[in-house]
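The structure appears below as structure tokens.
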Amino acid sequence: MADASASEVTLTFPDGAQRKVARGTSGLEVAKSISPSLAKRTVAMQLDGALADLADPISRDAAINFVARTDAPALELIRHDAAHVMAEAVQQLWPGTQVTIGPVIENGFYYDFAKAEPFTPEDLPRIEKKMGEIIARNAPFTKEVWSREEAKRYFKDKGELFKVELVDAIPADQDIKIYKQGAWLDLCRGPHMTSTGAIGKAFKLTKFAGAYWRGDSNNPQLQRIYGTAFASQDELDAYVKQIEEAEKRDHRKLGREMDLFHFQEEAPGSIFWHAKGWTLFQTLIAYMRRRQQAAGYMEVNSPDMMEKHFWELSGHWENYGENMFTTTLPDERVFCCKPMNCPGHVQIFKHGLKSYRDLPLKISEFGKVHRYEPSGALHGMLRVRHFTQDDAHIFVTEDQIMRECLAINDLMLSIYGHFGFEDVFIKLSTRPEKRVGSDELWDKAEKALSDVLDEVTKRSNGRVKTAINPGEGAFYGPKLEYVLKDAIGRDWQCGTTQVDFNLAGRLGAFYIDEQSQKRTPVMIHRAMFGSLERFTGILIENFAGHFPLWLSPVQAVVATIVSDADGYAGEVQAALKAAGLRTDIDLRNEKINLKVREHSLEKVPVLLVVGKREAEERKVSIRRLGSDKSQVMGLDEAIAMLRDEAVPPDVAGRV
RNA sequence: GCCGCGUUAGCACAGUUGGUAGUGCACCUGAUUUGUAAUCAGGGGGUCGGGGGUUCAAGUCCCUCACGCGGCACCA
């Protein structure tokens, strides 16, 4: 440790060079002393890795790094500065609007405003224009530390009541920092770049929305404007392009184009599965059924509806009654559609006396659960009110928790790999404030899951990343959440493993242990796809509809060039079907160009074109989706190739 | 559920200051037998999301409900 009273501090530069400067020298002065050009292009600095204002006095020994606006660490500053500039622009355009908070988020920034009149789409370009003016003015960002009273008085006089609340929320040991950009100022913890001009021109406001003050739906609703900014126009253009790419993959759009499913207003949040979509769905279930059977699960089916008192007993009515579908029968008994499968599985466990020798007992079900989700939450197939879980409950002794969780993890990663999801991220959500069960049991369960995480990290050679999500566990136990990264880099949380000491006891389930004593089993809840409906949607977007052959609802289409080939085309289709391939035939009196186009748009992976030549030589011309080339080969050879290719990866033994 | 914006033919969209609806693709019919991403010609199709109101007159204005979209909140 350096002597705090020393008059000099030692700075270590990225190249390892060290230099002593007077305590309190600003970063800007250091940069200037090295070279004026360095000072000119530097917009901020990092001290021991932490971003700081370039004008900050340096009061301790530190590793120092000067940050130019094109350096990676500057991106969050560009965005944060842009948020401030947007706030100023809005207040200039609509005086009297209150500003609240404006943080940087994953792909940009937002600022929340309190304004009586809503923003309109036409407002965004106006705000952007005004932002451009403010940036062009290039006023320096300057920081001041105000007293609490001074800050509160200032904001109160200005009518900025939300800011007054924010000042009050700042812990007593922290300074009240004010950043000025010309005449405009904002309460902010910083840091900022040297001046507004450093933001540059590569910014864009993207959307506006309602958002609750402090994220609480009991609070007033503010108006949020989202935007993004990059160091260069090229990066912004690339970002915009990526958004467009995501729109092209939207499962709602592809689902319609590929004739997979539809929605209609009489059944909000419910899917009408068309034949092709249902084929895909059933292919997924068949896959998972094979995997689970191989892993020692026994598949069951529990009632879709049970009497309300049953759900009162399980605790679901109390906690989620408002989100359950209910119906009153002619005999006046009230029934509820199951929102979860677990209570049903406990009944199956309870049927017949269980011994410790029966554990671990793995009960699985492709159960369709019904949850009355808030209307605003519904989103295509990704958030629906009726969905099928690849659900399972593993009844174990406490000693078996760790081993079973590890087995689940192995199965989970293998399954994701088969769908091409190699990039998996696992979050451990630990005990929440509101919970049931003793701390002892929580210790044990969290330890088990954390050991699982360690083991997984070790085995994967760092491929699988993990993190702790403190306080985010379920009220009955900690959980592991599996997050997949798709083909265009988006995260999807799918699988979950949850350890539960509560429900089995609550529903009176027990087993007989080695000492002939009744003991309550621990339940491990787990789902791997999660919601089959949601997973289907994710797959559609991940593959952009271009499914691998084994998943594709229609695997091949036989298309004729001339009607003379119709008979042979029928033979080709019959042979494909006999080989187990899902096949259509297109004998229409149309040009082959049209047929190729239409089946390509429907994203059929394999097109077998037959004309006069193929019919005579018993060959097929194979054209793959996405390719403009075709390959002529003998019929038997083609069928053998496609049959092999269509074998599901688990059956083929591919790891 | 909350805020904002939408809802016009199967799909994608036009529709001026209110004066009883259009385009493209799809569909149907006919012609065309065609070699790897749109053959030509003709034709049919909409009580403009539901309900209510203002008006001589409403797809256009107002209210209301439903659904959708973008967020927020929620997600056992």
Side-chain angles (χ1 to χ4, degrees), chain A residues 110 112 115 117-121 123 206-226 247 250 252-253 256-257 259 262-269 311 314-324 338-343 369 371-380 382-385 387 389 473-477 479 493 496 498 500 502-503 525 530-531 534 559-566 587-602 607-614 621-632:
Chain A
Y110 66 79
D112 285 347
K115 171 170 169 280
E117 292 299 312
F119 290 111
T120 67
D123 291 339
T206 50
K207 58 197 166 196
F208 52 96
Y212 297 107
W213 167 236
R214 294 185 153 172
D216 185 336
S217 58
N218 296 312
N219 286 342
Q221 198 158 36
L222 307 168
Q223 296 187 61
R224 175 172 299 178
I225 300 180
Y226 286 93
E247 278 168 17
D250 192 308
R252 293 165 296 191
K253 179 170 171 281
R256 187 171 52 241
E257 289 171 3
D259 194 19
H262 84 268
F263 292 91
Q264 63 188 51
E265 62 180 79
E266 290 83 353
W311 299 102
S314 73
H316 288 88
W317 184 258
E318 189 195 345
N319 284 306
Y320 299 104
E322 288 190 353
N323 298 306
M324 287 167 71
K338 63 175 171 185
M340 294 184 79
N341 300 303
C342 15
V369 296
R371 300 178 180 178
Y372 183 73
E373 303 284 6
S375 59
L378 302 179
H379 183 93
L382 303 181
R383 190 79 183 272
V384 290
R385 286 181 174 156
F387 61 97
Q389 292 179 318
F475 67 90
Y476 49 75
K479 51 187 180 182
Q493 186 172 312
T496 181
Q498 305 170 0
D500 170 11
N502 182 45
L503 189 64
H525 305 236
S531 151
R534 181 166 181 273
T560 51
I561 295 171
V562 291
S563 54
D564 287 348
D566 286 1
L587 303 179
R588 291 176 302 166
N589 177 14
E590 294 290 352
K591 288 192 167 187
I592 193 61
N593 288 299
L594 182 85
K595 295 185 182 184
V596 167
R597 175 181 161 78
E598 291 192 347
H599 299 301
S600 298
L601 289 173
E602 287 163 9
L607 218 53
L608 295 106
V609 177
V610 294
K612 212 171 166 198
R613 285 204 298 274
E614 287 77 10
S621 170
I622 295 186
R623 179 181 168 130
R624 302 276 186 161
L625 180 61
S627 164
D628 55 2
K629 296 192 180 61
S630 55
Q631 183 190 10
V632 177

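Sequence lines set the chain letters: A, B, ... in the order given, protein chains first and strands last, and positions in each chain run from 1. Note that this is a predicted model, so its numbers are computed, not measured.
A 6.0 Å sphere centred on CD of A:Glu266 holds more than 12 heavy atoms belonging to other residues, nucleotides or ligands. With a 6.0 Å radius and a threshold of 12 heavy atoms from other residues, nucleotides or ligands, A:Gln264 has its CD atom above the threshold.
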Quick one: do A:Met324 and A:Trp317 satisfy side chain to side chain contact (heavy atoms under 4.5 Å, CB included)? Show the steps, please. CA-CA 8 Å; A:Met324 287 167 71; A:Trp317 184 258; 4.1 Å; yes
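A:Ala377 comes within 4.0 angstrom of a nucleotide base, judged by non-hydrogen atoms across all strands. If you check every strand for non-hydrogen atoms under 4.0 Å, A:Leu222 touches nothing. Counting any heavy atom pair closer than 4.0 Å across all strands shown, A:Pro339 reaches a base atom. Residue-level contact check: A:Ala211 touches the backbone only, with heavy atoms under 4.0 Å from sugar-phosphate atoms and none from bases. If you check every strand for non-hydrogen atoms under 4.0 Å, A:Ile561 touches a base. Among the protein residues, A:Gly315 comes within range of no part of the nucleic acid, since none of its heavy atoms lies under 4.0 Å from any strand. Across all strands, A:Phe475 comes closer than 4.0 Å to no nucleic acid atom at all (heavy-atom distances). Using a 4.0 Å heavy-atom distance criterion, A:Gln493 is classed as making no nucleic acid contact. Residue contacts for A:Pro374: at a heavy-atom cut-off of 4.0 Å it reaches a base atom on one of the strands shown.
A 3.5 Å limit on both hydrogen-bonding distances identifies no Watson-Crick or G-U partner for B:rA58. Judged by Watson-Crick or G-U wobble contacts below 3.5 Å, the nucleotide B:rU36 has no partner. When Watson-Crick and G-U wobble pairs are counted only if both distances are under 3.5 Å, B:rA26 pairs with no nucleotide at all. The partner of B:rG49, taking Watson-Crick or G-U wobble pairs whose two distances both stay under 3.5 Å, is B:rC65. Using Watson-Crick or G-U wobble geometry with both donor-acceptor distances under 3.5 Å, B:rU16 finds no partner in any strand shown.
One atom, CZ of A:Phe263, and another, P of B:rG49, lie 22 Å apart when rounded to the nearest Å. Put simply, NZ on A:Lys612 is 19 Å from C1' on B:rU36, counting in whole angstrom units. Here B:rU33 presents its P atom at 16 Å from CG of A:Asn593, a figure rounded to the nearest Å. One can place CG of A:Leu594 at 6 Å from C1' of B:rA38, the figure rounded to the nearest angstrom. Here the C1' atom of nucleotide B:rG35 and the CG atom of A:Asp628 are 15 Å apart, to the nearest Å. A:Glu590 places its CD atom 13 Å from the C1' atom of B:rC27, with the value rounded to the nearest Å. A:Arg597 has its CZ atom 16 Å from the P atom of B:rU36, to the nearest Å. Between the CZ atom of A:Arg623 and the C1' atom of B:rG35 there is a distance of 11 Å, rounded to whole Å.
Residues A:Gly380 and A:Val384 come closest through the heavy atom pair O-CG1, 3.1 Å.
Of the candidate nucleotides B:rA76, B:rU36, B:rC2, B:rC2 has the atom lying nearest to any side-chain atom of A:Gln221. Here the nucleotide nearest the side chain of A:His316, chosen from B:rC69, B:rC74, B:rA76, is B:rA76. Taking every side-chain heavy atom of A:Arg371 into account, B:rC75 is the closest of B:rC75, B:rA66, B:rG1. In the set B:rC72, B:rC3, B:rC74, the nucleotide with an atom closest to the side chain of A:Tyr212 is B:rC72. The side chain of A:Tyr372 lies closest to B:rG1 when the candidates are B:rU39, B:rU36, B:rG1. With B:rU33, B:rG68, B:rA12 as the candidates, the nucleotide lying closest to the side chain of A:Ser563 is B:rU33. Comparing atom distances between the A:Ser630 side chain and each of B:rU36, B:rA38, B:rC67 picks out B:rU36 as nearest. Nearest nucleotide to the A:Ser600 side chain, out of B:rC72, B:rA37, B:rA73: B:rA37. For A:Val596, the side-chain atoms get nearest to B:rA37 when compared with the rest of B:rC2, B:rA37, B:rC74. With distances taken from any side-chain atom of A:Arg383 to the nucleotides B:rG71, B:rC75, B:rA73, the minimum falls on B:rC75.
For B:rG70, neither phosphate oxygen OP1 nor OP2 lies less than 4.0 angstrom from any side-chain nitrogen or oxygen of A:Lys207. Between B:rA12 and A:Arg256, a contact under 4.0 Å exists linking OP1 or OP2 to a side-chain N or O. The phosphate of B:rG68 has neither OP1 nor OP2 within less than 4.0 Å of any side-chain N or O from A:His379. Side-chain nitrogen and oxygen atoms of A:Ser375 include at least one within less than 4.0 Å of the OP1 or OP2 phosphate oxygen of B:rG1. Considering only side-chain N and O atoms, A:Arg252 lies under 4.0 angstrom from the phosphate OP1 or OP2 of B:rG70. For the OP1/OP2 pair of B:rC72 and a distance below 4.0 Å, the side-chain nitrogens and oxygens of A:Tyr226 include at least one atom meeting the criterion. A sub-4.0 Å separation between OP1 or OP2 of B:rG70 and a side-chain N or O of A:Arg224 is absent.
Residue A:Tyr226 is tested with A:Tyr110, A:Phe208, A:Phe119 for a ring-ring contact (aromatic ring centres under 6.0 Å, His included); the sole match is A:Tyr110. A side chain to side chain contact (heavy atoms under 4.5 Å, CB included) with A:Arg383 is found for exactly one of A:Arg534, A:Arg371, A:Glu373, namely A:Glu373.
Spacing between B:rG22 and B:rG59 at atom P, rounded to whole Å, works out to 14 Å. Spacing of P atoms, B:rG44 relative to B:rU29, comes out at 15 Å, to the nearest Å. Straight-line distance between the P atoms of B:rC61 and B:rC48: roughly 15 Å, to the nearest whole Å. Taking the C1' atoms as reference points, B:rU8 lies 8 Å from B:rA21, given to the whole Å. The gap from the C1' atom of B:rG49 to that of B:rC67 amounts to 8 Å, rounded to the nearest Å. Across B:rU17 and B:rU60, the matching P atoms stand 15 Å from one another, rounded to whole Å. B:rC2 and B:rA73 have their C1' atoms separated by 8 Å, with the value rounded to a whole Å. A gap of 15 Å separates the P atoms of B:rA26 and B:rA12, to the nearest Å.
Ring pair A:His525/A:Tyr476 is parallel by interplanar angle, where below 30° counts as parallel and above 60° as perpendicular.
Checked by distance alone, A:Glu117 brings no side-chain donor or acceptor within 3.5 Å of a matching partner on the base of B:rG4. With hydrogens and angles ignored, no donor-acceptor pair under 3.5 angstrom links the side chain of A:Glu373 to the base of B:rC75.
By the 4.5 Å heavy-atom criterion applied to side chains, A:Ser375 and A:Arg385 are counted as neighbours. Using a 4.5 Å heavy-atom threshold, the side chains of A:Pro339 and A:Trp311 count as touching.
Using a cutoff of 4.0 Å between basic side-chain nitrogens and carboxylate oxygens, A:Arg252 and A:Asp250 are scored as salt-bridged.
Take the nearest nucleotide of RNA chain B for A:Asn319 and for A:Gly626: the residue whose nucleotide is more 5' is A:Gly626.
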